[in-house]
Number of protein chains: 2
Amino acid sequence: MIFGWDSIRREVLRRIGQREWPPGMLIPTEQDLATEFGVARATVNRALRELALAGVLERKRRAGTRVALLPVRKATLDIPVIRQEVEARGHAHSFRLLTHEAREAPVPVTSRLGLPEGALLLWIETLHLADGQPFAFETRWLNPAILPDPGPDFTQISVNEWLVAHVSYTLGDISFCAARASAREAKVLGVTLGEALFITERSTWAGPAPITLVRLAHGPGYRMQALV
Amino acid sequence: MIFGWDSIRREVLRRIGQREWPPGMLIPTEQDLATEFGVARATVNRALRELALAGVLERKRRAGTRVALLPVRKATLDIPVIRQEVEARGHAHSFRLLTHEAREAPVPVTSRLGLPEGALLLWIETLHLADGQPFAFETRWLNPAILPDPGPDFTQISVNEWLVAHVSYTLGDISFCAARASAREAKVLGVTLGEALFITERSTWAGPAPITLVRLAHGPGYRMQALV
DNA sequence: GAGTGGTCTAGACCACGGA
DNA sequence: CCGTGGTCTAGACCACTCG
């Protein structure tokens, strides 16, 4: 029975799935569907809006709503704090601060963060462990301007956690790739030289001010799962 | 000025970012905010609902709305058809069907798809090219039960595209990892043996019926980007 | 110009779950 | 219990864009 916007969403999905509404077809207007289902137009709108967001429908004013021809499926990734990620797998998280020093950032870094050439940033290397075994090798450029004086003790709290707790929510971008382990990465992660690593790279910003550029290298066996 | 639910969303984000509302704080109720902003409660609800979905707020009936302590950031991935992905990069897409035969699926495959042991599935290998250069090596188990008789000509249309055009929208799961190139992968993709590949694995379903299990191997240089 | 989706309003009922 | 968020309604105005 039709009860609530979600059941309307599912009914529309069913009609699309059964090809009652094939790809490319113009489906009835919100008002028509509202009448058919005996609900208010706002309820239909909520259902169709979610489906459009998911890439199943394409909506245009005046033109109406169509079943997407090539549905660009959307998947959602959770980007947890590493400690949570490790603990969610049932392991104990710990970390070792390997390097923590001011360095002149190379041009690719400064340009990506929109800083002047030769800017002095903090270079921080952290090894994250799960039950004492290497889990991920984090290398990070951090803008010192955002730190209080005196700075936090990053041997006690990981940079990652300090940032989410003390720096405002930000936008940024995230990308993933595969790369072979360098000599240093192999040594730190305890894998063979040239092993395939899963790399996550993030840059984060507080409004216009760059905060950090971080690279996470995960050893073999790491899988990132997404919900579709 | 406050105008529309999105400006309310941004104003709430601003207050969180400026630490007027620090992590863990209970923020005012929808009704209070509606009064403050001079809008209806439904408008505030829309704004706060989006922020809760994004992991910035945590909402509970009766308990109210809190700023998330450890914000699980959500990133959204687009999962396009490969042809679109190649063309979006400004290249011409083509593909070569390398293998197409019925095979007894190994146990890991049948169990993951919920099929009986020893089920006969189609085993399909496709190489996707961008401007004639190897782009991705697709290996796929396909449930023949979903194909019409006679089956489509997969030398003319890629399996990927035939499926999105002819099989109903489905749910599934998707995961990513890194792996070293096997001898066959190295040969097909034209990379050196043991090179780091970026692997995408998807399973898709039509309701209870399994459709396909696909593995995409991308050569070095591939980056997957997500929006945060 | 007119039809469509996008949004807002003011009010209502309800489920949940903390006090 | 009872306040909170989740949802729905009936109606309205508006922005966009197609014909």
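Quantities reported herein were computed from a predicted structural model and do not represent experimental measurements. The sequence lines fix the lettering, A, B, ..., with proteins before strands; numbering per chain opens at 1.
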### Query
Rounded to whole angstrom units, what separation is found between the CZ atom of B:Arg46 and the C1' atom of C:dT9?
15 Å

### Message
Using the rule ring-ring contact (aromatic ring centres under 6.0 Å, His included), only one of B:Phe198, B:Phe137, B:Phe176 pairs with B:Tyr222; which is it?
### Response
B:Phe198

#### Entry: Length of the CG-P vector between A:Leu48 and D:dC8, whole Å
13 Å

### Flag for B:Ser175-A:Arg223: side-chain donor and acceptor within less than 3.5 Å
yes

### Nucleotide nearest A:Thr29 (side chain, heavy atoms from C-beta), chosen from D:dC8, C:dT4, D:dG5
C:dT4

### Value in whole Å for how far the P atom of C:dT7 lies from CZ of B:Arg9
12 Å

### Query
Taking CZ from A:Arg66 and P from C:dG5, how many angstroms apart are they, rounded to a whole number?
11 Å

### Query
If you check the A:Val39 side chain, which of D:dT9, C:dT4, D:dG6 turns out closest?
D:dT9

### Message
Holding to salt bridge (charged side-chain N to carboxylate O under 4.0 Å, His left out), I want the full list of residues that pass it with A:Arg59, two or more places apart in sequence or in another chain.
### Response
A:Glu30

### Query
Does A:Thr43 have a side-chain nitrogen or oxygen under 4.0 Å from the phosphate oxygens OP1 or OP2 of D:dT9?
yes

### Message
In whole Å, I'd like the distance from the CD1 atom of B:Ile27 to the P atom of D:dG3.
### Response
19 Å

### Query
Could you run down nucleotides 12-19 of chain C 5' to 3' and tag each one B, S or - for protein heavy-atom contact under 4.0 Å?
B--BBBBS

### Query
So, do B:His218 and B:Leu197 sit near enough that their side-chain heavy atoms are less than 4.5 Å apart?
no

### Query
Among side-chain atoms of B:Ser158 and B:Asn160, is any donor-acceptor pair under 3.5 angstrom?
no

### Task
For A:Glu30 and D:dC8, give me the distance from atom CD to atom C1', rounded to whole Å.
15 Å

### Query
Taking only residues two or more places apart in sequence or in another chain, which ones pass salt bridge (charged side-chain N to carboxylate O under 4.0 Å, His left out) with B:Arg49?
none

## Note on the structure
Comparing nearest nucleotides in DNA chain C, the 5'-proximal residue of the pair A:Ala42, A:Gly64 is A:Gly64

### Query
When the distance from CG of B:Leu33 to C1' of D:dT4 is rounded to whole Å, what number comes out?
13 Å

### Query
Within this structure, what is the CG-to-P distance between A:Leu57 and C:dT4, rounded to whole angstrom?
16 Å

### Message
Measuring to OP1 and OP2 of C:dG6, would you say a side-chain N or O of A:Asn45 lies under 4.0 angstrom away?
### Response
yes

### Query
Would you say D:dG6 has OP1 or OP2 under 4.0 Å from some side-chain N or O of B:Arg49?
no

### Message
If you compare every side-chain N and O of A:Thr65 against the phosphate oxygens of C:dT4 (OP1, OP2), does one of them come in below 4.0 Å?
### Response
no

### Task
State whether the number of non-hydrogen atoms from other residues, nucleotides or ligands found under 6.0 Å of B:Arg19 atom CZ is greater than 12.
yes

